[in-house]
A.B. asks: 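Pasting a structure here, questions to come.
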Amino acid sequence: MGVSIEHYFVLSAILFVIGVYGVMARKNLIIVLMSLELMLNAANLAFVAFSRVHDDMTGQVFMIMSITVAAAEVAVGLALVVAVYSHRESLNIDILKILKG
């Protein structure tokens, strides 16, 4: 008995919903960044699953692009988190209001 393609889609949907919940409900910036990564990884899993279903490499190419964007997002996000923490010594997401111009 192998893992069917529906299992990948269900797992991807579950991971995406957990990520959305983390972004919407949590107040810590680090956890929000981790939830965003979870959402991107869920999308990557769906891309690879679709690629397997259609026997096409396009989904895997999109997955590589998504991983690249995720790496850039982590670099910028962690830089912002470190900057905010060094000024306010808190990682509460409400502190991001100070970033308004």
A.B. asks: Looking only at heavy atoms, what is the nearest atom pair of Ala46 and Ser12, with distance?
C.D. replies: CB-OG, 3.5 Å
A.B. asks: Considering only residues two or more places apart or on different chains, which pairs with a residue in residues 50-63 satisfy side chain to side chain donor-acceptor pair (under 3.5 Å)?
C.D. replies: Asp56-Thr58
A.B. asks: Can you pull out every salt bridge (Lys or Arg N to Asp or Glu O under 4.0 Å) where at least one residue sits in residues 31-41? Sequence neighbours excluded, please.
C.D. replies: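 Matches after skipping sequence neighbours: none remain.
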A.B. asks: Can you give the donor-acceptor pairs under 3.5 Å from side chains of residues 64-75 to other protein atoms, not counting sequence neighbours?
C.D. replies:
unit_1: Ser66; atom_1: OG; unit_2: Asn44; atom_2: OD1; d: 2.9
unit_1: Thr68; atom_1: OG1; unit_2: Ile64; atom_2: O; d: 2.9

A.B. asks: With a cutoff of under 4.5 Å between side-chain heavy atoms, which Ile, Leu, Val, Met, Phe, Trp and Tyr residues group with Leu45?
C.D. replies: Val3, Ile5, Tyr8, Phe9, Val10, Leu11, Ile14, Leu15, Ile18, Leu38, Phe50, Val53
A.B. asks: Applying ring pair (Phe, Tyr, Trp, His ring centres under 6.0 Å), can you list everything that pairs with Phe16, at least two apart in sequence or on another chain?
C.D. replies: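 If we apply the ring pair (Phe, Tyr, Trp, His ring centres under 6.0 Å) test to Phe16, skipping adjacent residues, there are no hits.
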A.B. asks: Enumerate the residue pairs fulfilling ring-ring contact (aromatic ring centres under 6.0 Å, His included) with a member in residues 61-82, sequence neighbours excluded, ordered by first and then second residue.
C.D. replies: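 Of all non-adjacent pairs touching residues 61-82, those that pass ring-ring contact (aromatic ring centres under 6.0 Å, His included) are Phe47-Phe62.
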A.B. asks: Please determine whether residues Val84 and Leu36 belong to a single hydrophobic cluster, defined as Ile, Leu, Val, Met, Phe, Trp and Tyr linked transitively by side-chain heavy-atom distances below 4.5 Å.
C.D. replies: yes
A.B. asks: The criterion is side-chain contact (heavy atoms from CB on, under 4.5 Å); which residues satisfy it with Ser86, sequence neighbours excluded?
C.D. replies: none
A.B. asks: With a 3.5 Å cut-off and sequence neighbours excluded, list the donor-acceptor pairs that the side chains of residues 20-33 form with protein atoms.
C.D. replies:
unit_1: Asn28; atom_1: OD1; unit_2: Ile30; atom_2: N; d: 3.0

A.B. asks: Applying side-chain hydrogen bond (donor to acceptor under 3.5 Å, both in side chains), can you list everything that pairs with Glu6, at least two apart in sequence or on another chain?
C.D. replies: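 Partners of Glu6 under the side-chain hydrogen bond (donor to acceptor under 3.5 Å, both in side chains) test: Ser4.
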